[in-house]
Amino acid sequence: MRYRILFALLAVLAFSSCKSQYEILLNSNDVDAKYKAAFEYFNNKKYSKSAALFESLSMLTEGTEKDDTVKYYWGLSNYNAKDYYTAETNFDTFVTNYPRSPFAPEARYLRLDCLYLQTLRYELDQTPTYKAMNAISEYIIDYPQSDKIASCREMLIELGERLDKKAYEGAKLYYKMEDYLASRVAFRNVLKDDAENIYREDILYYIAMSSYKYAALSVPQKQRERYLTFIDDYFNFVGELPDSHYRKELDVVYGKVQKALGRNVADSEDADKSEKDFAKERKKLSKVAEKDENK
């Protein structure tokens, strides 16, 4: 028991000694000792401690030849410690104050990576996404020969797809709420803002289905005009995507609309049966898509 107590006391004393040495060094004005220790902590992956030392050093090395090195490694320590908010601020200040430093290109890239890592999932505010995309685009323009261009382009694609999904899901919410007029307007606005949205096929489908359901639920006096709107949407869809997996379902709906307008179409019972079959098929496809997305 005595040996155990003695060992515990020695361990506490050793720990206290190490801690106090670090604190003494942190508060000292010995630039060389602090500089050396900061890199030792950094190389040993003790990034929080190296960040604190480099931050303390930054006030002592201001205007000296070590200044850009200290401030770059201050940001790099925060970056490696996964404090991306602070690191982004470090790198942003660095590239503003030291645009000609040999560390500047890497600092620019690490800053945009910090911005990328701070972006939010599509359901949340996308202001950070736009900020990251602007920084990435500027980097590509300023460093077209960089070996990080491929990585930058991958980031832009991923962030662009996130914005596409947010816009698509936002419009789809009206469809789920069965507000079909608002749904059609919302989906059309998505394509107006971004004609190359990756969900374009789905959006065109929901535009057509929104106009159909809006017409079907309208009072008889309004139905003809609104069914004609569906027909326009239908022909827009099949003209652009004749081989889409939505085609058969929309063909069935088109037949029902033609019958409602008093034109020669297939038997309505067959049309009703086919539409139910396609609805089941769409439900299965939606479940598969959700599983793939979750993966």
Side-chain angles (χ1 to χ4, degrees), residues 22 25-121 124-164 194:
Y22 171 75
L25 186 61
L26 185 63
N27 295 316
S28 77
N29 291 324
D30 189 336
V31 173
D32 291 337
K34 188 178 288 191
Y35 188 83
K36 180 181 177 182
F39 275 103
E40 286 177 352
Y41 280 115
F42 182 86
N43 292 331
N44 288 319
K45 299 183 179 180
K46 296 180 180 180
Y47 300 118
S48 295
K49 288 188 174 182
S50 69
L53 285 170
F54 282 122
E55 180 180 6
S56 178
L57 267 171
S58 68
M59 294 179 284
L60 301 174
T61 59
E62 187 78 37
T64 70
E65 61 180 9
K66 292 181 178 179
D67 197 22
D68 65 331
T69 300
V70 167
K71 287 178 178 171
Y72 171 73
Y73 275 94
W74 177 17
L76 191 57
S77 294
N78 283 315
Y79 177 84
N80 288 333
K82 299 186 179 182
D83 182 358
Y84 300 120
Y85 179 82
T86 306
E88 189 272 322
T89 302
N90 291 146
F91 291 131
D92 188 34
T93 303
F94 181 89
V95 296
T96 300
N97 294 335
Y98 305 97
R100 297 182 181 179
S101 168
F103 297 115
E106 185 68 12
R108 281 280 300 274
Y109 176 78
L110 291 173
R111 176 182 177 257
L112 69 84
D113 195 40
C114 288
L115 291 171
Y116 170 76
L117 292 168
Q118 291 180 81
T119 58
L120 307 172
R121 64 181 189 270
L124 303 177
D125 178 32
Q126 293 303 299
T127 300
T129 298
Y130 289 109
K131 187 175 180 180
M133 292 179 77
N134 287 336
I136 294 167
S137 298
E138 289 173 1
Y139 180 88
I140 291 173
I141 292 170
D142 292 342
Y143 299 98
Q145 304 303 319
S146 171
D147 59 357
K148 296 180 173 62
I149 293 297
S151 174
C152 289
R153 295 194 187 283
E154 288 176 4
M155 289 184 199
L156 282 178
I157 291 171
E158 193 275 327
L159 294 175
E161 289 178 352
R162 191 181 306 176
L163 294 177
D164 284 355
D194 179 15

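Predicted, not measured: the structure shown is a model, and the values here were computed from it.
Minimum interatomic distance between Glu88 and Arg111 (heavy atoms only, all atoms of both residues): OE2-NE, 2.9 Å. The two residues Ile149 and Ser146 make their nearest non-hydrogen contact at CG1-O, 3.2 Å. The minimum heavy-atom distance between Pro128 and Thr119, with the atom names listed, is O-CG2, 3.7 Å. In terms of heavy-atom proximity, Pro99 sits nearest to Ala104 at O-CB, 3.5 Å. Listed here is the closest heavy atom pair of Ala37 and Leu53: C-CD1, 4.0 Å. Between Leu26 and Lys34, the shortest heavy-atom contact is O-NZ, 2.9 Å.
Leu120 CG to Arg162 CZ: the interatomic distance, rounded to the nearest 0.5 Å, is 7.5 Å. Between the CD atom in Glu161 and the CG atom in Leu156 there is a gap of 11.0 Å [rounded to 0.5 Å]. For the atom pair CG of Asp92 and CG of Leu112, the computed distance is 11.5 Å after rounding to the nearest 0.5 Å. Asp164 CG to Leu159 CG: the interatomic distance, rounded to the nearest 0.5 Å, is 11.0 Å. Between the CZ atom of Arg100 and the CG atom of Asp68 there is a distance of 13.5 Å, given to the nearest 0.5 Å. One finds the CG atom of Leu60 at 9.5 Å from the CG atom of Asp30 (value rounded to the nearest 0.5 Å).
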CA sep, side-chain torsions, deciding dist, call: Met133, Leu163, side chain to side chain contact (heavy atoms under 4.5 Å, CB included): CA-CA 11 Å; Met133 292 179 77; Leu163 294 177; 3.6 Å; yes
Check against side chain to side chain contact (heavy atoms under 4.5 Å, CB included), Phe94 and Leu76: CA-CA 11 Å; Phe94 181 89; Leu76 191 57; over 6 Å; no
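Partner Tyr84 forms a ring pair (Phe, Tyr, Trp, His ring centres under 6.0 Å) with one of Tyr79, Tyr116, Phe91 and no other, that one being Tyr79. Just one of Trp74, Tyr41, Phe39 meets the ring pair (Phe, Tyr, Trp, His ring centres under 6.0 Å) condition when paired with Phe54; it is Phe39.
Without hydrogens or angle criteria, Gln126 side chain to Arg121 main chain gives a donor-acceptor distance under 3.5 Å. Using a distance-only test at 3.5 Å, with no hydrogens or angles considered, no donor-acceptor pair links the side chain of Glu158 to the main chain of Glu154. No donor-acceptor pair under 3.5 Å is formed between the side chain of Asn44 and the backbone N or O of Lys46.
Residues Ser137 and Ile140 have side chains not in contact (no heavy-atom distance under 4.5 Å, counting atoms from C-beta outward). With contacts defined as side-chain heavy-atom distances shorter than 4.5 Å, the pair Glu55/Asn78 does not qualify. Between Tyr109 and Ser151 the shortest side-chain heavy-atom distance falls below 4.5 Å.
A cation-pi contact, defined as under 6.0 Å to the ring centre and within 45° of the axis, links Lys49 to Tyr22. Relative to the six-membered ring of Tyr35, Lys66 meets both conditions, a distance below 6.0 Å and an angle of at most 45° to the axis.
Remark: Thr93 pairs with no residue by the side chain to side chain donor-acceptor pair (under 3.5 Å) rule, at least two apart or across chains. For Asp147, the side chain to side chain donor-acceptor pair (under 3.5 Å) test picks out no residue, with sequence neighbours left out.
Aromatic ring pairs are classed by plane angle as parallel below 30°, tilted from 30° to 60° and perpendicular above 60°; the pair Phe42 and Tyr47 is perpendicular.
A donor-acceptor contact under 3.5 angstrom links the side chains of Asp67 and Tyr98, judged on distance only.
Surrounding OH of Tyr85 are at most 12 heavy atoms belonging to other residues, nucleotides or ligands under 6.0 Å away.
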